[in-house]
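All heavy atoms count here, side chains included; hydrogens, waters and symmetry mates do not.
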Amino acid sequence: MADASTDQNGVATVNWVRHSKSPQAMLVMLARTSSDDLNRFLSPMVYELTNNGAQVRFRRNDSNAWAGNQPTKFYWLALWK
């Protein structure tokens with residue numbers, strides 16, 4: 001699980017610890033938190049996969065804007081070949 005805050009563009013970063021190339025696929029899902037009211041307005045999406053990590057971008061469902069400067073907790077699963 002990743003516990004991160006988004007930057008001003010709504011991006012949270014996941015760094016690969018045991019891999020030196022990008023995965024074939026990645027899934028993300030919000031974790032349940034005490035602020036579930038906020039979580040129901042956020043949608044995570046895999047924005048970019050690189051050799052060093054991934055960028056997960058969060059969009060607000062109520063305004064369709066990027067969720068900048070938001071604390072988030074999310075699960076991620078990456079698959080390497």
Main chain of N9, side chain of D7: is a donor-acceptor contact present, judged purely on distance under 3.5 Å? yes
Listed by chain and number, what are the side-chain contact (heavy atoms from CB on, under 4.5 Å) partners of N52, not counting sequence neighbours? T50
Taking every heavy atom of P44 against every heavy atom of V56, the minimum-distance pair comes out as CB-CG1, 4.1 Å
Just wondering, do L49 and P23 contact through their side chains at under 4.5 Å, heavy atoms? yes
N64: partners by side-chain contact (heavy atoms from CB on, under 4.5 Å), with sequence neighbours left out: R59
Atom pair OG/NZ of S5 and K73 - distance to nearest 0.5 Å: 11.0 Å
Hydrophobic clustering (ILVMFWY, side-chain heavy atoms < 4.5 Å, transitive) - are L30 and M26 grouped together? yes
Y47: ring-ring contact (aromatic ring centres under 6.0 Å, His included) partners, not counting sequence neighbours: none
Non-neighbouring partners of M29 that pass side-chain contact (heavy atoms from CB on, under 4.5 Å), sequence neighbours left out: Y75
Partners meeting ring-ring contact (aromatic ring centres under 6.0 Å, His included) with W76 (sequence neighbours left out): W16
I'd like to check the side-chain contact (heavy atoms from CB on, under 4.5 Å) partners of S20; sequence neighbours left out, ordered by chain and number. none
About how many Å separate OG of S43 and CZ of R57, when rounded to the nearest 0.5 Å? 13.5 Å
Using a 4.5 Å cut-off on heavy atoms from C-beta on, say whether the side chain of L42 contacts that of N61. no
Please check if F74 and M45 belong to a single hydrophobic cluster, counting links between Ile, Leu, Val, Met, Phe, Trp and Tyr side chain heavy atoms closer than 4.5 Å. no
